[in-house]
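Quick note on labels: first sequence line is chain A, next is B, and so on, each numbered from 1. Model, not experiment: these values are computed from the prediction.
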Number of protein chains: 2
Amino acid sequence: MVRDAIPALKSHHPGKDILAETPAYDLIELFFFAYRDFVSDPDRILDEYGFGRAHHRVLHFVSRNPGLTIAELLDILRITKQSLNRVLKELIEKDFIESRMGTSDRRQRLLFATPQGRELALKLAKLQTRRIMRALSGMEPEAKDAVSRYLLSLIDPNDSAHVKHLVFGSEET
Amino acid sequence: MVRDAIPALKSHHPGKDILAETPAYDLIELFFFAYRDFVSDPDRILDEYGFGRAHHRVLHFVSRNPGLTIAELLDILRITKQSLNRVLKELIEKDFIESRMGTSDRRQRLLFATPQGRELALKLAKLQTRRIMRALSGMEPEAKDAVSRYLLSLIDPNDSAHVKHLVFGSEET
DNA sequence: AATTTTATGTCAGCCTTGTTGACATATCTC
DNA sequence: GAGATATGTCAACAAGGCTGACATAAAATT
């Protein structure tokens, strides 16, 4: 480990061993509190529809990726198909998501948000965006990019390519 | 795009609709994926002890804030005392946390992590720190500060002072 | 054509972690 | 002494994870 080659890893306290990894309590705890509040916004609205966070996640990714298959969705959410099916069934019954048979592979189900589903997904995304914009508003323009790169780097390296494609891959306009 | 259907949402600059708040999908989704992976590291170890994420949160904040009271812990975690008590009881029984009667107010319970508790808390914090350091390692030194300020600003303004004090306030050694 | 693999659905039951409501106890405050 | 406060506890319930087993249709392989 060529520690000195990476300034960010250099120790501020010369006595402390860098390998002991002084815990980054600040970033750990801020992450917890930020996430806690970040997901609380949608909760209130979801309640009115009889939905929970699990429904939100499914609706969000389906709305953002029309034609998503069950397998791809499972890979994104990292839950079992039984867990997914419970909430997905409700979203389909209440007409927020539509499931069509695959065209090339007819075993697959291609998922689409209905107009009603897209509307709710957008409403929730805007809510969260308002919080994000408020946070970014006081910061330098480069900050957003730094935050974005930080979050991306927190993701398991195995998945980062996949996530990158999902998040940035299909930029319309 | 039926922008003209809702006059109140019409933009001054065609194309850039301020009030429509184009969703920050990138930061929304990256936050989800980053958090998903961030909490997954400790999960594996907690399993070996028969603990879950709820135990982790309690142990973490007690370890970081020796003498924390039940009320303060409830305020941090935002859960009911019944939920807290379930996991706290287990942590006390298994000797990871110790509960002492308050000195000035004997109704209060002051919580302390035992040596075993501190050890586990530290082990988990180091695991998460490793992920954080890996993410920061490729970035400019100012990036950490930007991320920190961003996360802090995501928190409900009502709580940010409290969180700031909790996270940065008591820098011991 | 027969077989195997794959994508999905579904039943049944369990666990963790959140919730509400009611009630008990000790201690502090007025 | 009366009332407020900090905590503990019982019971029941809900959301959203999990495992295991089994079913079906369609694709892929042999």
Side-chain angles (χ1 to χ4, degrees), chain A residues 32 35-36 39-40 42-62 67-94 97-112, chain B residues 32 35-36 39-40 42-62 67-94 97-112:
Chain A
F32 165 75
Y35 196 79
R36 180 194 70 177
V39 297
S40 76
D43 281 356
R44 292 180 266 279
I45 290 172
L46 288 161
D47 242 28
E48 301 167 13
Y49 293 80
F51 292 145
R53 285 178 195 179
H55 301 84
H56 183 197
R57 290 193 282 267
V58 171
L59 180 59
H60 175 94
F61 285 107
V62 169
L68 203 62
T69 66
I70 299 289
E72 285 167 336
L73 192 46
L74 286 175
D75 188 50
I76 288 172
L77 301 175
R78 294 287 172 76
I79 58 177
T80 59
K81 63 178 175 177
Q82 295 90 332
S83 293
L84 171 59
N85 221 269
R86 185 161 39 207
V87 294
L88 182 56
K89 217 189 309 188
E90 289 171 17
L91 284 164
I92 292 174
E93 276 166 11
K94 293 191 181 173
I97 285 182
E98 187 185 349
S99 168
R100 304 182 201 151
M101 194 192 297
T103 47
S104 62
D105 185 336
R106 299 195 305 175
R107 288 171 304 180
Q108 293 182 324
R109 305 295 141 168
L110 307 186
L111 303 173
F112 298 86
Chain B
F32 164 75
Y35 196 79
R36 181 194 70 177
V39 298
S40 77
D43 281 357
R44 292 180 266 280
I45 289 173
L46 289 161
D47 242 28
E48 301 168 11
Y49 293 80
F51 293 144
R53 284 178 196 180
H55 301 86
H56 183 197
R57 290 194 281 266
V58 170
L59 179 60
H60 174 94
F61 285 107
V62 169
L68 203 63
T69 66
I70 300 289
E72 286 167 337
L73 192 47
L74 286 175
D75 187 51
I76 290 171
L77 301 175
R78 295 285 172 78
I79 57 177
T80 59
K81 62 177 176 178
Q82 295 91 329
S83 293
L84 170 58
N85 221 267
R86 185 160 39 205
V87 293
L88 182 56
K89 216 190 309 186
E90 289 172 16
L91 284 164
I92 292 174
E93 276 167 10
K94 293 191 182 174
I97 285 182
E98 189 184 347
S99 167
R100 302 183 202 152
M101 194 191 295
T103 47
S104 61
D105 186 336
R106 298 195 307 173
R107 288 171 303 181
Q108 294 183 325
R109 304 297 142 170
L110 307 186
L111 303 173
F112 298 87

| field | Minimum side-chain heavy-atom gap B:Leu84-B:Leu73 below 4.5 Å | value | yes

| Hey, mind stepping through B:Phe32 and A:Phe61 against ring pair (Phe, Tyr, Trp, His ring centres under 6.0 Å) and telling me if it holds? | CA-CA 11 Å; B:Phe32 164 75; A:Phe61 285 107; 5.4 Å; yes

| task | Note down the inter-axis angle between the two ends of the helix from C:dA1-D:dT30 to C:dC30-D:dG1, five pairs each, to the nearest 10°. | result | 30°

| task | Figure out the CZ/P separation between A:Arg57 and D:dA15, and round it to whole Å. | result | 14 Å

| note | Atom CG of B:Leu91 and atom P of C:dT17 are separated, to the nearest Å, by 10 Å

| message | Rounded to whole Å, how long is the line connecting atom CG of A:Leu77 with atom P of D:dC18? | response | 10 Å

| request: May I ask you to test the A:Gln108-A:Ile70 pair for a side-chain heavy-atom distance under 4.5 Å? | output: no

| request: Ignoring backbone atoms, test whether B:Thr80 places a side-chain nitrogen or oxygen under 4.0 Å from the OP1 or OP2 oxygen of C:dT19. | output: yes

| field | For atom CG of A:Asp43 and atom P of D:dA15, their distance in whole Å | value | 13 Å

| task | Could I get the full list of side chain to side chain contact (heavy atoms under 4.5 Å, CB included) partners for B:Lys81, not counting sequence neighbours? | result | B:Leu74

| For B:Arg100, which residues count as a side chain to side chain contact (heavy atoms under 4.5 Å, CB included) partner, sequence neighbours excluded? | B:Glu98, B:Phe112

| Does a nitrogen or oxygen in the side chain of B:Ser83 sit under 4.0 Å from OP1 or OP2 of C:dT17? | no

| query | Nearest nucleotide by nearest heavy atom, which residue falls closer to the 5' end of DNA chain D, A:Gly50 or A:Thr103? | reply | A:Gly50

| query | Does B:Arg53 make a side-chain N or O approach to OP1 or OP2 of D:dG16 shorter than 4.0 Å? | reply | no

| query | Side-chain contact, heavy-atom cut-off 4.5 Å: A:Lys94 with A:Tyr49? | reply | no

| task | Give the rounded distance in Å between these two atoms: CD1 of B:Ile79 and C1' of C:dT19. | result | 11 Å

| message | I'd like to check the salt bridge (charged side-chain N to carboxylate O under 4.0 Å, His left out) partners of A:Arg57; sequence neighbours left out, ordered by chain and number. | response | none

| For D:dA15, does either OP1 or OP2 sit under 4.0 Å from a side-chain N or O belonging to A:His55? | no

| message | Could you tell me how far apart B:Leu84 (CG) and C:dG18 (C1') are, to the nearest whole angstrom? | response | 12 Å

| query | Taking atom P of D:dA26 as reference, at what distance in whole Å does atom CE of A:Met101 sit? | reply | 7 Å

| request: Report, as a single string ordered 5' to 3', how protein heavy atoms within less than 4.0 Å touch nucleotides 7-12 of chain D: B base, S sugar-phosphate only, - not at all. | output: BBBB--

| said: Can you measure A:Leu46 atom CG to D:dG16 atom C1' for me and round it to whole angstrom units? | reply: 14 Å

| Within-4.5 Å side-chain heavy-atom neighbours: B:Leu68 and B:Ile76 | yes

| What nucleotide, of D:dG17, D:dA26, C:dT27, holds the atom closest to the side chain of B:Arg106? | C:dT27

| field | side chain to side chain contact (heavy atoms under 4.5 Å, CB included) against B:Ile92, all qualifying residues, sequence neighbours excluded | value | B:Leu88, B:Ile97, B:Ser99

